[in-house]
*Asks:* 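After the structure tokens below, expect a handful of questions from me.
Lettering of chains follows the sequences in order, A, B, ..., and the numbering in each one begins at 1.
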Amino acid sequence: MESKVLKITLPDGNTLELAEGATTLTVAEQIGPGLARAAVAGRYTIDGQTETIDLNRPLPDDCSIEILTKSDDSADSLYVLRHSTAHVMAEAICKLYPAAQLVYGPPLEDGFYYDIDLDESLTPDAFERIEAEMKRIVKEDRPFSRYDMSRDEAMTKLAGEKNRYKVDNAERAEGDTLSFYITGERRGEDFEDLCRGPHIRSTGQIGAFKVRQLSAAYYRGDANEKSLQRVYGTAFYKKKALKEHLHRLEEAKKRDHRVIGRQLDLFHIDEAVGQGLVLWMPAGSIVRKELQDFISDELRKQGYQEVFTPHIGKLDLYRTSGHVPYYEDSQFPHLLVVRDHARPLVKYLRECRDGNTLPDADRERELVRQANILEAEYPWEEKNSVRRYAIARELSMEGTEQCSCAQIAHHYASGGGQGFLLKPMNCPHHIKIFASRPHSYRDLPVRLAEFGTVYRWEQSGELNGMTRVRGFTQDDAHLFCTPEQVPEELANCLHLVRLIFTTLGITEYRVRVGLRDRDSDKFMGDEAKWDMAEQACRDAAKVLGVPFSEEVGEGAFYGPKIDFIVKDCLGREWQLGTVQVDPTLPERFGLNYVGSDNQEHRPVMIHRAPFGSMERFVGILIEHFAGAIPLWLSPVQVAVLTISEKSVEFGRKVHRVLADAGIRVELDDSDERIGPKKHDARAKKVPYLLVIGEREAAEGTVNVNNAEGKMLGSVALEEFVRTCLDEIETKSMRKLESPDACSGSGDSV
RNA sequence: GCCGACGUAGCUCAACGGUAGAGCACAGCUUUCGUAAAGCUGAGGUUGUGGGUUCAAAUCCCACCGUCGGCUCCA
């Protein structure tokens with residue numbers, strides 16, 4: 001076989017011709033010794049397909065190539081480094097804890113983790129020892145070496161090692177051969193791991209690393225599987241980069257909406273009220289109200305009608321919608337109401353309990369009959385009158401203190417009994433508004449909007465400030481339309497979401513089209529209609545013209561959806577705006593309208609919430625602006641700060657003029673110095689601070705300072721009012737930069 | 001719900017077996033001041049709750065409640 005010559009295209013467009021078997025390292029050496037030293041891995045592209053590859057593995061064919069180096073902090077380069085560091089950490093842990101079984105250790109966007117199965121609980125105290133061990137491995141500068149094995153051979157080898165996780169991993173891996181990476185060169189002696197690679201050249205290339213965090217993680221993300229210990233770490237090529245990274249994390253914490261929410265008195269969550277139940281403080285309420293008014297104005301323009309509905313609904317309503325029993329885990333306990341008929345029974349049993357006697361059987365039987373409780377439901381077998389009283393109370397639905405009673409749970413789960421549910425969603429109520437009147441196709445679309453508060457029993461460990469709560473208000477609306485109207489309505493909904501994001505300067509978001517998982521029982525409804533709805537979502541997302549990803553299993557239980565997802569200060573993703581196509585609930589509720597053919601037709605429903613929820617949106621917004629929210633949203637828009645008693649009178653006048661103009665203004669005429677007054681106003685992130693001294697009083701001007709404390713200069717009071725109102729009116733994100741700009745139009749400031 | 005860490009004054013933290021202390025905030029007084037924290041004085045806590053160990057518990061142990069970081073979940 002004659003040896004082939006490979007044509008390698010470099011990033012600068014030059015090409016190299018190398019003998020077959022050439023590696024990325026060969027290429028790097030050709031270019032220069034410095035590059036060869038700094039190189040960590042290669043990245044080649046053939047036919048538009050890009051792969052990262054070990055430095056010392058032969059390039060498969062003609063390709064264009066990019067050399068990843070230690071001085072390059074690109075995601076690709078760091079990815080290889082972190083994956084390699086995960087191997088080093090795994091080795092360290094195995095050495096310190098020989099009983100540890102390795103499971104899976106991928107790189108992450110900002111680090112890596114390794115899942116391990118170990119009975120002994122790891123604690124952060126172990127980090128130092130793990131790091132010390134890792135340091136040793138790094139110092140030894142062991143090369144990462146790869147070897148391949150046929151699948152059969154590898155499976156035999158792994159089976160012999162008695163690590164079921166690696167066997168599982170291997171079974172799920174693709175290809176006829178499996179690869180292993182040795183941290184070192186001595187096969188059978190040095191640490192090795194089943195791994196696709198690629199890796200950096202040697203452990204010495206790991207410049208800086210840190211073991212950071214511990215958590216439990218279920219094997220393969222399955223809560224029924226074994227709980228593993230996940231150890232997180234991160235790595236960089238340079239110590240400085242690690243330091244900066246850790247510093248950034250510290251800085252990001254200062255933007256945390258929970259921290260700023262307290263500083264600015266925006267909201268409060270009180271243990272005595274309940275987990276995940278947000279109390280909006282006066283300042284936070286202003287932000288929320290402004291946002292609601294903003295969207296209400298838009299909705300009016302777009303032909304929505306606002307409605308109000310109660311916070312609870314009958315269980316039967318949610319049995320129809322499918323919420324009961326399918327989503328019971330996420331619901332607050334049902335509200336059980338007093339059955340008047342049962343009161344005499346409860347009273348009698350209470351007397352027995354208080355008198356510490358057993359009830360008379362005949363009398364009890366008679367009262368049970370009167371109570372209209374099925375004999376079969378009644379706990380005759382309970383011999384204890386206290387217990388019997390408690391159960392009778394439950395059966396009579398008088399209170400719910402004892403609601404753990406399995407009989408009750410079973411009773412309700414099996415469809416019996418009338419009670420109420422705190423609404424987990426607004427749709428059933430809106431559906432009933434729609435269904436309360438006959439509709440002609442001429443009426444459609446009907447668009448019903450409500451700031452509807454819903455309650456969901458989120459797992460305690462999931463709660464998070466404002467972003468994950470148990471009671472929240474959706475800026476909800478449901479559109480009932482003909483199938484033909486769906487594309488246009490969807491497009492309008494998406495544009496509304498985008499308008500809101502644009503207005504608030506949220507540019508970093510991703511769009512996800514959530515589809516059903518055909519293998520899951522989480523989704524209900526007709527297959528064909530789902531297909532149509534999913535296609536409608538794809539089409540609408542395309543029309544919107546932003547990149548989006550399609551994700552299976554992310555749909556709502558009744559239909560597919562398009563979500564707008566934003567990251568918080570710690571990089572966690574939160575779904576904000578959502579638009580959902582629902583072919584299912586109209587069916588379940590038997591909704592219809594009369595078409596032009598005088599026949600009844602089934603409408604399609606669109607659920608949409610551009611903010612998602614007021615709580616989550618405001619939480620994210622606080623972090624987005626680090627508390628320095630735009631003027632139109634600011635709880636306090638202007639602070640008037642007097643310099644001394646001599647300027648208090650004019651300060652009061654300024655305050656009054658601004659207040660009369662509808663501007664949210666606060667006056668600080670306390671006998672403090674101007675420095676501290678400014679400091680206080682800045683701490684509250686007030687957008688404009690007006691310093692009022694004798695000079696201003698004499699001239700009728702105000703001395704304008706921005707939220708950063710920078711003095712912008714003085715301007716006539718009337719002019720400041722005008723500019724302020726303009727900035728508020730236009731919901732401008734831009735601030736005054738100099739007082740001269742005050743006289744200009746809103747756009748120029 | 002799971003794993004780990006943590007709960008001390010309104011906030012941020014100290015004290016880590018010998019019955020709690022600071023800064024900020026708050027109140028009073030002094031000061032009337034020109035742009036990033038004035039001074040003095042005062043008030044404020046049965047150390048999340050309940051048990052236990054101990055002569056003695058904020059401190060050690062257990063349970064519960066809550067918070068935080070992950071996991072899982074998220075209509």
*Asks:* Parallel under 30°, tilted from 30 to 60°, perpendicular over 60°: which one fits the rings of A:F564 and A:Y509?
*Replies:*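 Ring orientation, 0 to 90° scale: tilted.
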*Asks:* Checking ring pair (Phe, Tyr, Trp, His ring centres under 6.0 Å) against A:Y232, which of A:Y113, A:F112, A:F209 comes through?
*Replies:*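 Per the ring pair (Phe, Tyr, Trp, His ring centres under 6.0 Å) rule, the option paired with A:Y232 is A:Y113, out of A:Y113, A:F112, A:F209.
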*Asks:* Over all strands shown, is A:Q575 touching base, sugar-phosphate only, or nothing at heavy-atom distances under 4.0 angstrom?
*Replies:*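 The answer is nothing, as A:Q575 stays clear of every strand by at least 4.0 Å.
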*Asks:* Closest to the A:S215 side chain: B:G34, B:G70, B:A36?
*Replies:*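 Shortest atom-to-atom distance from the side chain points to B:G70.
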*Asks:* Taking the C1' atom of each, how far is B:A43 from B:G4, in whole Å?
*Replies:*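 Roughly 40 Å separates the two C1' atoms.
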*Asks:* Considering every strand and a 4.0 Å limit on heavy-atom distances, what is the contact class for A:G675: base, sugar-phosphate, or nothing?
*Replies:*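 Counting heavy atoms under 4.0 Å across all strands, the contact made by A:G675 is with sugar-phosphate only.
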*Asks:* Taking all heavy atoms of A:A449 and all of A:H430, pick out the closest pair and write down the distance.
*Replies:*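 Reported closest heavy-atom pair: C-CE1, 4.5 Å.
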*Asks:* Taking the C1' atom of each, how far is B:U8 from B:A15, in whole Å?
*Replies:*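 Straight-line distance between the two C1' atoms is 9 Å.
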*Asks:* Quick check: on RNA chain B, is the nucleotide nearest A:H679 upstream (toward 5') of the one nearest A:I269, or the reverse? Name the residue that is more 5'.
*Replies:*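 Per heavy-atom nearest nucleotide, the more 5' residue is A:H679.
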*Asks:* Quick one: A:Q213 CD to B:C6 P, roughly how many Å, whole number?
*Replies:*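 Taking atom P of B:C6 as the reference, CD of A:Q213 is at 15 Å.
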*Asks:* If the C1' atom of B:U49 is compared with that of B:A37, how far apart are they to the nearest Å?
*Replies:*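 That atom pair is separated by 38 Å.
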*Asks:* So, is A:R258 close to the B:C68 phosphate, meaning a side-chain N or O under 4.0 Å from OP1 or OP2?
*Replies:*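 So the side chain of A:R258 is within the cut-off, an N or O lying under 4.0 Å from OP1 or OP2 of B:C68.
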*Asks:* Of the options B:A5, B:G69, B:C74, whose atoms approach the side-chain atoms of A:K522 most closely?
*Replies:*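 Shortest atom-to-atom distance from the side chain points to B:C74.
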*Asks:* Atom pairs, N/O to N/O, protein against nucleotides 62-66 of chain B, distance under 3.5 Å?
*Replies:*
from	atom 1	to	atom 2	distance (Å)
B:G66	OP1	A:Q275	OE1	2.9
B:G66	O2'	A:E271	OE2	3.4

*Asks:* Nearest to the A:Y218 side chain among B:C74, B:U35, B:G1, which nucleotide is it?
*Replies:*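 Within the option list, the nearest is B:G1.
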*Asks:* Taking only the P atom of each, what is the distance from B:C61 to B:U54 in whole angstrom?
*Replies:*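 Pairwise P distance, B:C61 against B:U54, rounds to 16 Å.
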*Asks:* Any Lys/Arg nitrogen of A:K653 or A:E696 sitting under 4.0 Å from an Asp/Glu carboxylate oxygen of the other?
*Replies:*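 Salt bridge flag = no for A:E696 with A:K653.
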*Asks:* Looking only at side-chain atoms of A:P676, point me to the closest of B:C71, B:C3, B:A37.
*Replies:*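 Nearest to the side-chain atoms of A:P676, counting from C-beta on, is B:A37.
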*Asks:* May I have the distance from A:E120 (atom CD) to B:C3 (atom P), rounded to whole angstrom?
*Replies:*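 Rounding to the nearest Å, CD of A:E120 and P of B:C3 are 16 Å apart.
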*Asks:* Any ion pair linking A:D316 and A:K314 (charged N to carboxylate O, less than 4.0 Å)?
*Replies:*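 So A:K314 does not pair with A:D316 through a salt bridge.
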*Asks:* Looking at CG of A:N464 and NE2 of A:H257, how far apart are the two atoms once the value is rounded to the nearest 0.5 Å?
*Replies:*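 Going from CG on A:N464 over to NE2 on A:H257, the span is 6.0 Å.
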*Asks:* Mind checking whether A:F617 and A:F611 have parallel, tilted or perpendicular rings, split at 30° and 60°?
*Replies:*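 Geometry flag for A:F611 against A:F617: tilted rings.
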*Asks:* Scan residues 610-623 of chain A for pairs that pass salt bridge (Lys or Arg N to Asp or Glu O under 4.0 Å), counting only residues two or more places apart or in two chains.
*Replies:*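 For residues 610-623 of chain A, and leaving out neighbouring residues, the salt bridge (Lys or Arg N to Asp or Glu O under 4.0 Å) pairs sorted by first residue read A:R288-A:E615.
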*Asks:* Report the nucleotide, chosen from B:A36, B:U32, B:U35, that has the shortest atom-to-atom distance to any side-chain atom of A:N703.
*Replies:*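 Given the options B:A36, B:U32, B:U35, the side chain of A:N703 is closest to B:U35.
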*Asks:* Choosing from B:C71, B:G69, B:U31, which nucleotide comes nearest the side chain of A:D671?
*Replies:*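 Shortest atom-to-atom distance from the side chain points to B:U31.
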*Asks:* So, A:Y165 versus A:Y104, ring centres under 6.0 angstrom or not?
*Replies:*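 For A:Y165 and A:Y104, the ring centres are not under 6.0 Å apart.
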*Asks:* Could you spell out the base pairing of RNA chain B in dot-bracket, with Watson-Crick or G-U pairs whose two distances are under 3.5 Å, [ ] crossing and | to another strand?
*Replies:* (((((((..((((....[..)))).(((((.......))))).....(((((..]....))))))))))))....
*Asks:* If you check the A:R572 side chain, which of B:U12, B:G4, B:G70 turns out closest?
*Replies:*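 The answer is B:G70, which lies nearest to the side chain.
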*Asks:* Looking at B:G34, B:G4, B:C71, which one has an atom nearest to any side-chain atom of A:T123?
*Replies:*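 Nearest to the side-chain atoms of A:T123, counting from C-beta on, is B:G4.
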*Asks:* Any side-chain heavy atom of A:M134 within less than 4.5 Å of one from A:V211?
*Replies:*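 Of all side-chain heavy-atom pairs linking A:V211 with A:M134, at least one is under 4.5 Å.
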*Asks:* Consider the side chain of A:E696, meaning its heavy atoms from C-beta on, and name the nucleotide among B:C74, B:G69, B:G34 that approaches it most closely.
*Replies:*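 The answer is B:G34, which lies nearest to the side chain.
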*Asks:* Report yes or no: is there a donor-acceptor pair, N or O only, under 3.5 Å between the side chain of A:R468 and the base of B:C74?
*Replies:*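 It does, because a donor-acceptor pair links the side chain of A:R468 to the base of B:C74 below 3.5 Å.
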*Asks:* If you look at every strand shown and take non-hydrogen atoms under 4.0 Å, does A:L641 touch a base, only sugar-phosphate, or nothing?
*Replies:*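 Contact class for A:L641: none.
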*Asks:* Let's see if you can work this out: which of B:C3, B:G34, B:G69 has an atom nearest to the side-chain heavy atoms of A:S121?
*Replies:*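 For A:S121, the side-chain atoms sit closest to B:C3.
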*Asks:* In whole Å, what separates the C1' atom of B:U19 from that of B:U47?
*Replies:*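 About 11 Å, rounded to a whole number of Å.
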*Asks:* Fit a plane to each ring of A:Y455 and A:H311, take the angle between them on a 0 to 90° scale, and name the class: parallel (under 30°), tilted (30 to 60°) or perpendicular (over 60°).
*Replies:*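 Geometry flag for A:H311 against A:Y455: tilted rings.
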*Asks:* Pick the P atom in B:A14 and in B:A22, then give their distance to the nearest Å.
*Replies:*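 Result for the P pair: 16 Å, nearest Å.
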